[in-house]
Amino acid sequence: MYLAKNAWLQKIQSIKHNQALIGPQSQLHDFLFGFDRNALSKAKPVLIELQHGNCFYCQKPLNSKTEVDHFIPFARYANDLGHNFVAAHSSCNNSKRDFLAAQLHRERWQEQNLVINSQHLTRELSDYFNCDADKSRSVSDWAYQVAQANSAKLWLAKDSFEQAAGLGLYLNRDTELSLVAEGKPRYDA
């Protein structure tokens, strides 16, 4: 199995057009064959500490059903970036699903993961995940721009949403979005 996967990866990487799309440090293996979900358990204690034992979304104390959530949903950006994780109750995580979180959550995520604790997350998680705060911000800007362009629903809490259109979501309008996306994909909400 290892030899077949390795041969497939080499073939895809050898195609000249693909090199420009996937870049030199791609996570192609994880994209094609899945990734080790057990690695997410490495992030859980770090996130619980940063969040002072509270769920990122509802701000209530975490319990035994704590999960690591991809703030920008994995379904929208299929790479594990260390700065993209938050600790959440299973019920909050399952309610949010593949929706982007509302602006108030986004602002808290940026403050927590990209400003205050950026270096701490890099130090603690870089052995397991790609930790690049600038790339995480670019992915976030791109995802929310797509959401706004499509008037997508943003998740506030269980059964509660706001519309992305007209919220003035984008702090970095000059961000080089070509790092994370080719073209302008649609996400119909």
Side-chain angles (χ1 to χ4, degrees), residues 25-27 29-31 33-144 146-147 152-162 164 169-172 175 179-180 187:
Q25 294 183 330
S26 73
Q27 295 177 334
H29 181 276
D30 293 344
F31 178 75
F33 306 114
F35 67 101
D36 181 7
R37 299 290 290 188
N38 292 328
L40 292 178
S41 67
K42 305 291 187 190
K44 190 187 293 187
V46 175
L47 297 167
I48 290 171
E49 176 188 343
L50 295 182
Q51 295 170 205
H52 307 289
N54 293 321
C55 173
F56 181 80
Y57 298 109
C58 70
Q59 298 295 298
K60 294 179 182 168
L62 290 165
N63 54 34
S64 62
K65 295 182 180 177
T66 298
E67 295 179 351
V68 175
D69 178 48
H70 290 80
F71 183 77
I72 302 299
F74 193 80
R76 295 185 184 235
Y77 187 76
N79 283 311
D80 278 332
L81 299 174
H83 293 84
N84 188 37
F85 300 133
V86 295
H89 290 120
S90 174
S91 58
C92 289
N93 189 21
N94 290 331
S95 176
K96 178 180 169 269
R97 296 184 319 264
D98 293 337
F99 290 104
L100 289 174
Q103 181 65 8
L104 71 100
H105 298 305
R106 183 178 185 223
E107 290 170 0
R108 192 167 358 98
W109 168 76
Q110 287 177 328
E111 184 73 12
Q112 173 185 293
N113 287 21
L114 303 181
V115 178
I116 296 172
N117 298 300
S118 178
Q119 291 177 351
H120 182 70
L121 286 167
T122 298
R123 191 172 46 253
E124 295 294 323
L125 300 179
S126 62
D127 288 344
Y128 312 104
F129 305 102
N130 179 8
C131 290
D132 183 338
D134 291 336
K135 186 169 189 172
S136 292
R137 183 179 304 277
S138 293
V139 169
S140 170
D141 289 345
W142 164 76
Y144 280 85
V146 171
K153 296 188 302 186
L154 303 179
W155 183 87
L156 279 165
K158 184 176 179 172
D159 300 323
S160 181
F161 297 88
E162 68 183 20
L169 298 173
Y170 312 109
L171 306 175
N172 258 342
T175 300
L179 296 174
V180 295
Y187 292 117

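We use all heavy atoms of the structure for the numbers below, so side chains are in, but hydrogens, waters and symmetry mates are not.
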Legend entry - Heavy-atom check, side chain of K60 versus side chain of N54, under 4.5 Å: no

Legend entry - W109 and F71 aromatic ring geometry - parallel, tilted or perpendicular at 30°/60° bounds: parallel

Legend entry - CG-CD distance between L47 and Q112, expressed to the nearest 0.5 angstrom: 7.0 Å

Inset, instruction - Taking the side chain as every heavy atom from C-beta outward, state whether H70 and D80 have any pair of such atoms under 4.5 Å apart. - result: yes

Inset, instruction - Taking the side chain as every heavy atom from C-beta outward, state whether Q59 and R108 have any pair of such atoms under 4.5 Å apart. - result: yes

Inset, instruction - Check whether any side-chain N or O of E67 sits under 3.5 Å from a backbone N or O of N93 as a donor-acceptor pair, and report yes or no. - result: no

Inset, instruction - Describe, in one word, how the ring planes of Y57 and H105 are oriented to each other, choosing from parallel (under 30°), tilted (30 to 60°) and perpendicular (over 60°). - result: perpendicular

Inset, instruction - Tell me yes or no: between the side chains of N84 and Y77, is some donor less than 3.5 Å from an acceptor? - result: no

Inset, instruction - Looking only at non-hydrogen atoms, find the nearest pair between S140 and I72 and report the distance. - result: CA-CD1, 3.9 Å

Legend entry - Side-chain heavy-atom pair L156, F99 within 4.5 angstrom cut-off: no

Inset, instruction - Could you grab the distance from atom CG of D127 to atom NZ of K42, nearest 0.5 Å is fine? - result: 10.0 Å

Inset, instruction - Enter the distance from H120:NE2 to C131:SG here, rounded to the nearest 0.5 Å. - result: 11.0 Å

Inset, instruction - Mind running side chain to side chain contact (heavy atoms under 4.5 Å, CB included) on L62 and I48 for me, showing each step along the way? - result: CA-CA 8 Å; L62 290 165; I48 290 171; 3.7 Å; yes

Inset, instruction - Let me see the working for S91 and K158 under side chain to side chain contact (heavy atoms under 4.5 Å, CB included), right down to the final yes or no. - result: CA-CA 8 Å; S91 58; K158 184 176 179 172; over 6 Å; no

Legend entry - Minimal non-hydrogen separation, L114 against S136, with atom names: CD2-CB, 4.0 Å

Legend entry - L50 and L121, any side-chain heavy atoms less than 4.5 Å apart: yes

Legend entry - For the student: nearest non-hydrogen atoms of A88 and D69, plus distance: CB-CB, 4.5 Å

Inset, instruction - Using a 4.5 Å cut-off on heavy atoms from C-beta on, say whether the side chain of H83 contacts that of L125. - result: no

Legend entry - Separation of L81 CG from N113 CG (nearest 0.5 Å): 11.0 Å

Legend entry - Pairwise distance CH2(W142) to CZ(R76) - rounded to 0.5 angstrom: 8.5 Å

Inset, instruction - Looking only at non-hydrogen atoms, find the nearest pair between L100 and A143 and report the distance. - result: CD1-O, 3.5 Å

Inset, instruction - Nearest 0.5 Å please: distance from the NE2 atom of H89 over to the NZ atom of K96. - result: 15.5 Å

Inset, instruction - Would you check if the side chain of E162 reaches a backbone N or O of Q103 as a donor-acceptor pair within less than 3.5 Å? - result: yes

Legend entry - Side-chain donor/acceptor of S118 to backbone N/O of V115, under 3.5 Å: no

